Colleague: 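Take a look at the following structure, please.
It should be emphasised that the depicted structure is a prediction, and the values quoted were computed from it without experimental measurement.
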2 protein chains.
Amino acid sequence: MKANYEVKAKFIRGFSDKTRLQILECIKNKEKTVSQIVDELNGNQSNISQHLACLKGCGIIVSRQEGKYIFYSLRNAEIVQLMNIMEAVFVQVEGEVAACDKNDERDCCSKP
Amino acid sequence: MKANYEVKAKFIRGFSDKTRLQILECIKNKEKTVSQIVDELNGNQSNISQHLACLKGCGIIVSRQEGKYIFYSLRNAEIVQLMNIMEAVFVQVEGEVAACDKNDERDCCSKP
DNA sequence: GAATTATATTAGCATTCGCTAATATGTGTG
DNA sequence: CACACATATTAGCGAATGCTAATATAATTC
């Protein structure tokens with residue numbers, strides 16, 4: 001059981017950003033074009049585009065072109081399942097994690 | 001269905017680092033002390049300690065003290081399940097994600 | 001209680017990351 | 001072909017992150 005932790009970390013990092021989580025939620029049930037996503041999230045086109053590239057590079061989403069539109073969707077059902085389990089586990093610890101945030105200037109992770 | 005994406009992202013970020021993934025794997029089946037982990041991973045004590053604090057702050061692991069030792073273990077069975085699913089989904093996309101790494105200097109996510 | 005061992009914290013640095021603004025590419029339309 | 005619209009890319013900045021080395025705290029042992 002070898003393990004490439006670097007690459008695995010990169011994969012998971014795809015999920016570890018608030019904007020990317022919103023994008024994933026946004027396209028979870030239905031493929032959407034970039035501009036639809038930008039609209040729904042009320043986001044910046046460049047920013048969303050970059051996050052989409054990230055998610056694609058991480059193997060989390062796929063795209064298909066239709067005329068001048070590009071539709072993005074989750075890669076497959078396993079990704080959906082993973083998102084659901086993440087959510088389920090997250091709600092268990094949410095309070096604790098949020099609390100950890102409160103009392104420090106440097107991030108919870110590296111912070112003293 | 002409200003959603004605090006900031007906090008959720010922070011939770012997931014706990015899993016998105018190669019050292020933390022190694023730590024989690026290391027204590028997956030059995031609680032371990034800091035020095036055991038440091039030894040097994042051949043790591044830096046300060047570094048490991050900081051990552052443990054991060055994982056704890058993210059609600060992923062818990063600790064208990066026994067004399068001068070502090071034992072760390074995964075928070076609960078759901079975390080194990082999440083790790084397993086992450087692994088299962090990861091192996092599907094591993095090749096692709098690794099490839100994405102190759103050809104760029106800036107990170108896969110933000111990189112041109 | 002001095003020395004030892006185990007762990008945590010701090011500080012500082014180099015790198016990565018996420019964002020915005022500007023520009024480029026590509027595709028359809030008059 | 002000129003123009004509009006959809007998306008991608010680039011550059012640059014400030015903030016977050018991960019690392020190491022040094023120091024602090026806490027519990028243990030002699």
Side-chain angles (χ1 to χ4, degrees), chain A residues 5-6 9-10 12-23 27 31-58 61-72 100-101 103-112, chain B residues 5-7 9-23 27 31-58 61-72 100-101 103-112:
Chain A
Y5 291 108
E6 288 259 18
K10 173 150 306 202
I12 299 174
R13 201 171 299 124
F15 295 94
S16 67
D17 173 82
K18 71 175 193 311
T19 304
R20 289 195 291 275
L21 287 176
Q22 289 179 91
I23 293 175
I27 64 176
E31 64 172 8
K32 304 241 173 87
T33 69
V34 178
S35 22
Q36 279 180 305
I37 300 169
V38 170
D39 280 0
E40 289 191 29
L41 302 191
N42 232 306
N44 172 299
Q45 184 267 319
S46 167
N47 187 17
I48 299 289
S49 200
Q50 285 172 136
H51 281 299
L52 286 168
C54 171
L55 288 165
K56 196 175 176 186
C58 290
I61 64 177
V62 293
S63 64
R64 77 180 177 84
Q65 181 150 12
E66 190 177 306
K68 65 178 173 176
Y69 295 96
I70 298 186
F71 286 86
Y72 283 94
C100 165
D101 257 355
N103 27 0
D104 34 55
E105 55 295 340
R106 200 173 179 181
D107 188 85
C108 170
C109 279
S110 350
K111 191 257 142 189
Chain B
Y5 292 109
E6 288 258 18
V7 180
K10 174 151 305 202
F11 168 65
I12 299 175
R13 202 172 298 124
F15 295 94
S16 67
D17 174 83
K18 70 174 193 314
T19 305
R20 289 195 291 276
L21 286 176
Q22 290 179 91
I23 292 175
I27 64 176
E31 63 172 9
K32 303 239 173 88
T33 69
V34 178
S35 23
Q36 279 180 303
I37 299 169
V38 170
D39 280 359
E40 289 192 29
L41 301 191
N42 232 304
N44 173 298
Q45 184 267 321
S46 168
N47 188 17
I48 299 290
S49 200
Q50 285 172 133
H51 281 300
L52 287 168
C54 170
L55 287 166
K56 195 175 175 185
C58 290
I61 64 177
V62 294
S63 63
R64 76 177 178 86
Q65 180 150 12
E66 190 176 306
K68 65 177 173 179
Y69 295 95
I70 297 186
F71 287 85
Y72 284 94
C100 165
D101 257 354
N103 25 359
D104 34 55
E105 57 293 341
R106 200 172 180 183
D107 188 84
C108 171
C109 279
S110 349
K111 190 257 143 188

Colleague: Find the distance A:Y5:OH to D:dG18:P and express it as a whole number of Å.
Modeller: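 So the OH-P distance, A:Y5 to D:dG18, works out to 17 Å.
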
Colleague: Please step through side chain to side chain contact (heavy atoms under 4.5 Å, CB included) for the pair B:V62 and B:Y72, ending with a clear verdict.
Modeller: CA-CA 6 Å; B:V62 294; B:Y72 284 94; over 6 Å; no

Colleague: Between atom CD of A:Q65 and atom OG1 of A:T33, what is the distance when rounded to the nearest 0.5 Å?
Modeller: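 OG1 of A:T33 is found 12.0 Å from CD of A:Q65.
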
Colleague: Examine C:dT9: is either OP1 or OP2 under 4.0 Å from a nitrogen or oxygen in the side chain of B:S46? Give yes or no.
Modeller: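 No, B:S46 has no side-chain N/O under 4.0 Å of OP1/OP2 on C:dT9.
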
Colleague: Please state how far atom CD in B:E6 lies from atom C1' in C:dC19, giving the value in whole angstrom units.
Modeller: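 Distance, rounded to whole Å: 13 Å.
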
Colleague: Starting at CD of B:Q45 and ending at P of C:dA8, how long is that distance when rounded to a whole Å?
Modeller: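 Between P of C:dA8 and CD of B:Q45: 8 Å.
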
Colleague: Below 4.0 angstrom from OP1 or OP2 of D:dC19, is there any side-chain N or O of B:T19?
Modeller: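 For D:dC19, OP1 or OP2 has a side-chain N or O of B:T19 closer than 4.0 Å.
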
Colleague: Which whole-number value in Å describes the distance from A:N44 CG to D:dA8 C1'?
Modeller: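 In whole Å, D:dA8 C1' and A:N44 CG are 13 Å from each other.
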
Colleague: Counting only side-chain N and O atoms of A:K18, is one of them less than 4.0 Å from OP1 or OP2 of C:dC19?
Modeller: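 Result: yes.
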
Colleague: Would you mind telling me which of C:dC19, D:dT20, C:dA8 lies closest to the side-chain atoms of B:S49?
Modeller: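 That would be C:dA8.
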
Colleague: Whether A:N47 contacts C:dG18 is assessed here as follows: a side-chain N or O lying under 4.0 Å from the phosphate OP1 or OP2. Is that the case?
Modeller: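 The answer is no; no side-chain N or O of A:N47 sits under 4.0 Å from OP1 or OP2.
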
Colleague: Could you tell me the separation between the NZ atom of A:K10 and the P atom of D:dT17, rounded to a whole number of Å?
Modeller: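 Between P of D:dT17 and NZ of A:K10: 16 Å.
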
Colleague: What is the distance, to the nearest angstrom, from the CG atom on B:N42 to the C1' atom on D:dC19?
Modeller: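 Whole-Å distance recorded here is 16 Å.
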
Colleague: From C-beta outward on A:R20, which listed nucleotide comes closest to its side chain: C:dG18, C:dT7, D:dT9?
Modeller: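 Out of C:dG18, C:dT7, D:dT9, the nucleotide with an atom closest to A:R20's side chain is C:dG18.
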
Colleague: What is the separation between atom CD1 on A:I23 and atom P on D:dT7, rounded to the nearest whole Å?
Modeller: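 Distance, rounded to whole Å: 13 Å.
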
Colleague: At less than 3.5 Å, do the side-chain atoms of A:Q50 and the base atoms of D:dA8 form a donor-acceptor pair?
Modeller: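 Absent.
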
Colleague: Considering only side-chain heavy atoms of B:D17, which listed nucleotide, C:dA6, C:dA11, D:dG18, is closest?
Modeller: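 Nearest to the side-chain atoms of B:D17, counting from C-beta on, is D:dG18.
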
Colleague: Taking only the side-chain nitrogens and oxygens of A:Y72, find out if one of them lies under 4.0 Å from OP1 or OP2 of D:dA8.
Modeller: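 Answer is yes, contact under 4.0 Å.
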
Colleague: Looking at A:G14 and A:C58, what are the two nearest heavy atoms and their distance?
Modeller: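 Smallest interatomic distance, heavy atoms only, reads CA-SG, 3.9 Å.
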
Colleague: Below the 4.0 Å mark, does C:dC19 have OP1 or OP2 next to a side-chain nitrogen or oxygen of A:H51?
Modeller: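 Yes, A:H51 has a side-chain N/O under 4.0 Å of OP1/OP2 on C:dC19.
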
Colleague: Out of D:dT9, D:dA27, C:dA8, which nucleotide sits closest to the side chain of B:K68?
Modeller: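 The nucleotide sitting nearest to the side chain is D:dA27.
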
Colleague: Would you mind telling me which of C:dA6, D:dT7, C:dT27 lies closest to the side-chain atoms of B:S35?
Modeller: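 Between C:dA6, D:dT7, C:dT27, the one nearest the side chain of B:S35 would be C:dA6.
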
Colleague: What's A:Q65 touching, base or sugar-phosphate or nothing? Going by heavy atoms closer than 4.0 Å.
Modeller: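 The residue A:Q65 makes sugar-phosphate contact but no base contact.
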
Colleague: Using atom types as modelled and distance alone, determine if a side-chain donor or acceptor of A:S49 lies under 3.5 Å from a backbone N or O of A:S46.
Modeller: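 Judged by distance alone, no pair lies under 3.5 Å.
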
Colleague: May I have the distance from A:L52 (atom CG) to D:dA8 (atom P), rounded to whole angstrom?
Modeller: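 So the CG-P distance, A:L52 to D:dA8, works out to 7 Å.
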
Colleague: Between D:dA27, C:dC17, D:dA6, which nucleotide has the shortest distance from any of its atoms to the side chain of A:R13?
Modeller: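 Minimum distance to the A:R13 side chain belongs to C:dC17.
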
Colleague: Hey, is the main chain of B:R13 close enough, under 3.5 Å, to the side chain of B:R20 for a donor-acceptor pair?
Modeller: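 The answer is yes, because a donor-acceptor pair under 3.5 Å joins these two groups.
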
Colleague: Just by modelled atom types, is the B:I37 backbone N or O under 3.5 Å from a matching donor or acceptor in the B:E40 side chain?
Modeller: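 Looks like no, no N/O pair under 3.5 Å.
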
Colleague: Base, sugar-phosphate, or nothing: which does B:F71 touch, judged by heavy atoms less than 4.0 Å apart?
Modeller: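 No contact.
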
